[in-house]
There are 2 protein chains.
Amino acid sequence: MGLQKDNERRVFLNNEECPIRNVVAQIGDKWSILILFALVDGPDRFNSLKSRIEGISQRMLTQTLRDLERDGFVLRTVYPQVPVKVEYELTELGKGLSASVWKLVSWAGDHHADIRKARQQYDEESER
Amino acid sequence: MGLQKDNERRVFLNNEECPIRNVVAQIGDKWSILILFALVDGPDRFNSLKSRIEGISQRMLTQTLRDLERDGFVLRTVYPQVPVKVEYELTELGKGLSASVWKLVSWAGDHHADIRKARQQYDEESER
DNA sequence: CAGAATCCCAGTTGATACTG
DNA sequence: CAGTATCAACTGGGATTCTG
């Protein structure tokens, strides 16, 4: 797993086998999770995604979709019409990932107030 | 929640209230999760952490610990001896976060093979 | 419509040296 | 021991322009 339980537990980096760096880091970027969630309702087209995901540039949407496709989370289908139509949808793997990430986001949502409070308190204390 | 269910679901960015950007993005950096996991076994000292987390620089360890402390995930205790001793440990909030992240990492671990396979396949296909 | 290609800056990170 | 300070290098990502 890349995480090993030794006498002294060590946490590894640069380990090809490590899912933490290899997967979590992959979706820890600025846009992956947002795209994943934008697709949970069903397939969607490039420009539709672009308009639904606030603030994303076309460059980043393309790039992040490619990465997600590469990892098997997203399926890209081209319909050869004029003009061309391209649909993106979650694979089964992608749905699993989304569900799993969703739990984390839920936790974050539930504890968001605590975090903001801690942050505020920390900032106040460090001012003095 | 920052995520809203409209007729057309939109995903927001730059929303102060949004836990996705505010929390997940916070721990989506290069080191936070590693540090969190390094602390699940119990309190640890600065230099011990540094040696257990492979590849982290002292600068990044300091900085990331500060951020985690600010968010209320980590507690920092200074023992005024000579030389000084500083211990870091997870707060209750931090334990909750770790547990929650752990589920995601577990999922990643379970499906890591699938992801690597997809990645390999994608790369092979794009070579031609 | 759905991108590909460039350019370029701002923020992040690493390396190094110094300190209470 | 546990940092802080500084500077250089790297890189993610936005803006813009062009195309099948």
Side-chain angles (χ1 to χ4, degrees), chain A residues 8 11-14 20-21 24-35 38-39 43-71 74-89 122 125-126, chain B residues 8 11-14 20-22 24-35 38-39 43-71 74-89 122 125-127:
Chain A
E8 270 207 321
V11 181
F12 288 94
L13 174 67
N14 294 332
I20 300 185
R21 298 243 62 86
V24 178
Q26 192 71 224
I27 60 158
D29 65 32
K30 199 172 177 183
W31 299 110
S32 293
I33 292 180
L34 271 346
I35 294 178
L39 287 173
D44 202 2
R45 309 175 52 171
F46 186 86
N47 277 330
S48 172
L49 281 171
K50 180 160 168 12
S51 65
R52 287 173 58 215
I53 302 174
E54 191 177 88
I56 197 168
S57 66
Q58 171 254 45
R59 183 193 192 294
M60 279 302 104
L61 181 56
T62 304
Q63 184 175 308
T64 310
L65 279 170
R66 289 286 181 280
D67 291 343
L68 292 173
E69 190 195 356
R70 187 169 103 102
D71 283 354
V74 162
L75 181 66
R76 176 175 180 267
T77 311
V78 182
Y79 297 89
Q81 346 175 110
V82 186
V84 117
K85 170 178 160 183
V86 179
E87 263 192 359
Y88 293 90
E89 63 189 309
Y122 181 95
E125 283 172 10
S126 49
Chain B
E8 271 207 322
V11 181
F12 288 94
L13 174 68
N14 295 331
I20 299 184
R21 295 245 62 87
N22 228 328
V24 179
Q26 192 72 224
I27 58 157
D29 65 35
K30 199 173 176 183
W31 300 109
S32 293
I33 293 179
L34 272 346
I35 293 178
L39 287 173
D44 202 2
R45 309 175 54 171
F46 186 86
N47 277 329
S48 172
L49 282 171
K50 180 161 169 9
S51 66
R52 287 173 58 214
I53 301 173
E54 190 177 270
I56 196 167
S57 67
Q58 172 253 43
R59 184 192 189 295
M60 280 301 104
L61 181 57
T62 303
Q63 185 174 310
T64 311
L65 279 169
R66 288 287 181 279
D67 292 343
L68 292 173
E69 189 194 357
R70 187 169 101 102
D71 283 352
V74 163
L75 181 66
R76 175 175 180 269
T77 310
V78 182
Y79 297 91
Q81 343 175 113
V82 186
V84 118
K85 169 179 162 184
V86 179
E87 263 193 359
Y88 294 89
E89 63 189 309
Y122 181 95
E125 282 172 11
S126 49
E127 269 179 31

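All values below were derived from every heavy atom in this structure, side-chain atoms included, with hydrogens, water molecules and symmetry-related copies excluded.
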Q) Shortest non-hydrogen contact from Arg52(A) to Ala38(A)? A) NH2-O, 3.0 Å

Q) Got a donor-acceptor pair under 3.5 Å from the side chain of Gln58(B) to the base of dT16(C)? A) no

**Q.** Gln63(A) CD to dA15(D) C1', straight-line distance once rounded to whole Å
**A.** 15 Å

Q.
Is Lys30(A) close enough to dG14(D) that one of its side-chain N or O atoms is under 4.0 Å from OP1 or OP2 there?
A. yes

Q.
Under 4.0 Å from OP1 or OP2 of dA2(D): is there any side-chain N or O of Arg66(B) that close?
A. no

Q. For Ile53(A) and dG14(D), what is the distance between atoms CD1 and P respectively, to the nearest whole Å?
A. 12 Å

Q) When rounded to the nearest 0.5 angstrom, what distance separates CD in Glu87(A) from OG1 in Thr77(A)? A) 7.0 Å

Q: Find the distance Trp31(A):CH2 to dG13(D):C1' and express it as a whole number of Å.
A: 9 Å

Q.
So Tyr79(A), base contact, sugar-phosphate only, or nothing? Heavy-atom distance under 4.0 Å.
A. nothing

Q: For Arg45(A) and Val84(A), work out which heavy atoms get closest and say how close.
A: NH2-O, 4.1 Å

Q.
Side-chain N or O of Arg59(A) versus OP1/OP2 of dG3(C): is the shortest distance under 4.0 Å?
A. no

Q: Hey, which sits more toward the 5' end of DNA chain D by its nearest nucleotide, Asn47(B) or Val84(A)?
A: Asn47(B)

Q.
Whole angstroms only, please: what is the CE-P distance between Met60(B) and dA5(D)?
A. 14 Å

Q) To the nearest angstrom, how far is Gln81(B) atom CD from dG20(C) atom C1'? A) 15 Å

Q. Is there a side-chain contact between Leu65(A) and Phe46(A) (heavy atoms, below 4.5 Å)?
A. yes

Q. Whole-Å distance between dA2(C) P and Tyr88(A) OH?
A. 8 Å

**Q.** Between dG13(D) (C1') and Asp29(A) (CG): distance, integer Å
**A.** 11 Å

Q: Calculate, to the nearest 0.5 Å, the distance between atoms OG1 and CD1 belonging to Thr64(A) and Ile27(A) respectively.
A: 12.5 Å

Q) Taking CD1 from Ile35(A) and P from dA2(C), how many angstroms apart are they, rounded to a whole number? A) 14 Å

